[in-house]
2 protein chains.
Amino acid sequence: MKLFLVDDHPVVRAGIKALLDGEPDMEIVGEAANADDALRLVALREPDVVLMDLQLGDGPDGVEATRRIRELPRKPQILVLTTYETDADIVRAIDAGATGYLLKASPPDELFSAIRAAARGESVLSPKVAAKMMRRMRDPGPALTAREIEILELLSKGAGNKEIARALFITEATVKTHLNHVYGKLGVETRTAAVTAAVERGLIRL
Amino acid sequence: MKLFLVDDHPVVRAGIKALLDGEPDMEIVGEAANADDALRLVALREPDVVLMDLQLGDGPDGVEATRRIRELPRKPQILVLTTYETDADIVRAIDAGATGYLLKASPPDELFSAIRAAARGESVLSPKVAAKMMRRMRDPGPALTAREIEILELLSKGAGNKEIARALFITEATVKTHLNHVYGKLGVETRTAAVTAAVERGLIRL
DNA sequence: GCGGAGCTCAACCGATCGGTTGATGCCCGC
DNA sequence: GCGGGCATCAACCGATCGGTTGAGCTCCGC
């Protein structure tokens, strides 16, 4: 089974390689520290599974890299291996075409079986991530729409309604409508409180 | 030279061990995934240098662990090895008694020389971290007053000026004056942007 | 094809915010 | 003692925000 690593931390790449050294059925055919190298080398080496970090320092992030790799003619399975477990990250990664979502805090055994499952095209989630998704399924919760998240992200930058409207090519009236929905869903009454509530619930990242 | 690893990610621990395998003068005498284990085992194994991550999952964080280890009778040097480089993290770690501050994105060579330097008791900083501190030295930076921080904390909860005034037993006019000072110091123009700027600079915590 | 959810826009209002100027009192360091 | 930083307050203005109501549109599932 041919693996490819994408992570901007040399320490982490060395760690995965060291762990996988004891697994005879796995071979690492390449690695990259950023999205551009990843895309180029994956197309060349044609791995079965790509282990992808979401934070890649400068340039496109892991979600973007995942999206592009999934557009390759001979597309590998992509297993996200990252530190964070916010709703926004998980949803975006899955949406971009990731086969699974693992946390770096996972024990090695979990990593191995997840890689093998991903190679078979099966979806795998870290228990913590799975638990989070289960909670979200049972409790519909706020469930903000994509548009509302977009608004929140601009909001967190301190943008006024007028700026948000310009940035999203909509009118100020529409922005206010979205904001009122967001206030209702998050149970807050001001734009500032909406930002902190969204950050605390992992809906957006600062 | 005896090393001890503290990191909640098995992958990272494996990575550091793998990298250090090629360095004959370094020996890993133990590792831990949380602050409590770290404190207990470090007291027992008496390493020369502790490599400490700041994020340790549940329980006390790396800063707290650093503080406690520095209170041990035979205290080792502590080299922080983490992902983040916010001012608040750096300052808190140094304040807790860390000998150096390295980023996980550092190349292995840098890691090795940093460990050797730390063992000698020398302070080492990642170039990116050092650059950040230099900037902060040259530019004294915002330096908000205690009162202004109080205002920011209430602000982050989404409070209006009137609420802030009541909470701090001052008039709304005074709140506005403070806010205008904060805007100026942080280089922002809205209350929402002030909150995110303050969070990013580690002035307040959500 | 009907309803529901989501996105869009409009007009209006009061409340709040941001910006400005100016002022008072306090404490600290030179 | 004098300047300077800090905290406090006042009055005023325009701009923005929050709240409301109502409406048209598309897309999707039943």
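Note on naming: letters A, B, ... go to the chains in the order of the sequence lines (proteins, then strands), and numbering restarts at 1 for each one.
When A:Leu5, A:Asp7, A:Leu3 are each tested for a side-chain contact (heavy atoms from CB on, under 4.5 Å) with A:Glu31, only one passes: A:Leu5.
Between A:Thr174 and A:Thr177, the side chains place no donor N or O within less than 3.5 Å of an acceptor N or O (distance only, hydrogens not considered). Donor-acceptor pairing under 3.5 Å is recorded for the side chains of B:Ser106 and B:Ser126.
Among the nucleotides D:dA7, C:dC7, C:dG18, the one closest to the side chain of B:Glu148 is D:dA7. Considering only the side chain of A:Arg147, C:dT8 comes nearest among C:dT8, D:dA7, D:dG18. When the nucleotides D:dG18, C:dG18, D:dC9 are ranked by their closest atom to the side chain of B:Tyr183, C:dG18 comes out on top.
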If you restrict it to nitrogen or oxygen atoms, what contacts under 3.5 Å exist between nucleotides 11-15 of chain C and the protein, and what is each distance?
none

Under 3.5 Å, which protein N or O atoms sit close to an N or O of nucleotides 26-30 of chain D? Give each pair with its distance.
none

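Dashed line: the shortest gap from a side-chain N or O of B:Thr145 to OP1 or OP2 of D:dA7 is under 4.0 Å. Remark: A:Asn161 is not in phosphate contact with D:dT16, judged by side-chain N or O atoms under 4.0 Å from OP1 or OP2. A:Thr171 has a side-chain polar atom (N or O) that falls below the 4.0 Å cut-off from OP1 or OP2 of C:dC9. Side-chain nitrogen and oxygen atoms of B:His178 include at least one within less than 4.0 Å of the OP1 or OP2 phosphate oxygen of D:dT8.
The interatomic distance linking A:Leu179 (CG) with D:dT16 (C1') rounds to 12 Å, in whole Å. Rounded to an integer number of Å, the gap from A:Glu172 CD to C:dA10 C1' is 12 Å. A:Ile151 has its CD1 atom 10 Å from the C1' atom of C:dC7, to the nearest Å. What separates NE2 of B:His181 from P of D:dG5 is a distance of 11 Å, to the nearest Å. Per the geometry, CD1 belonging to A:Ile170 stands 14 Å off C1' belonging to C:dA10, to the nearest Å. Between B:Leu168 atom CG and D:dC6 atom P the separation is 17 Å, expressed in whole Å.
To the nearest 0.5 Å, atoms CG (B:Leu203) and CD1 (B:Ile149) are separated by 5.0 Å. Taken to the nearest 0.5 Å, the CE atom of A:Met52 stands 4.0 Å off from the OG1 atom of A:Thr66. The NZ atom of B:Lys157 sits 11.0 Å away from the CG atom of B:Leu152 when rounded to the nearest 0.5 Å. One finds the CG atom of A:Leu39 at 6.0 Å from the CD1 atom of A:Ile69 (value rounded to the nearest 0.5 Å).
If you find the closest nucleotide of DNA chain C to B:Asn180 and to B:Arg191, the one lying nearer the 5' end belongs to B:Arg191.
Side-chain atoms of B:Thr177 and base atoms of D:dC9 include a donor and an acceptor less than 3.5 Å apart.
A salt bridge between B:Arg147 and B:Glu150 is present, with a side-chain N of the basic residue lying under 4.0 Å from a carboxylate O of the acidic one. A salt bridge links B:Glu64 with B:Arg68; the closest basic N to acidic carboxylate O contact falls under 4.0 Å.
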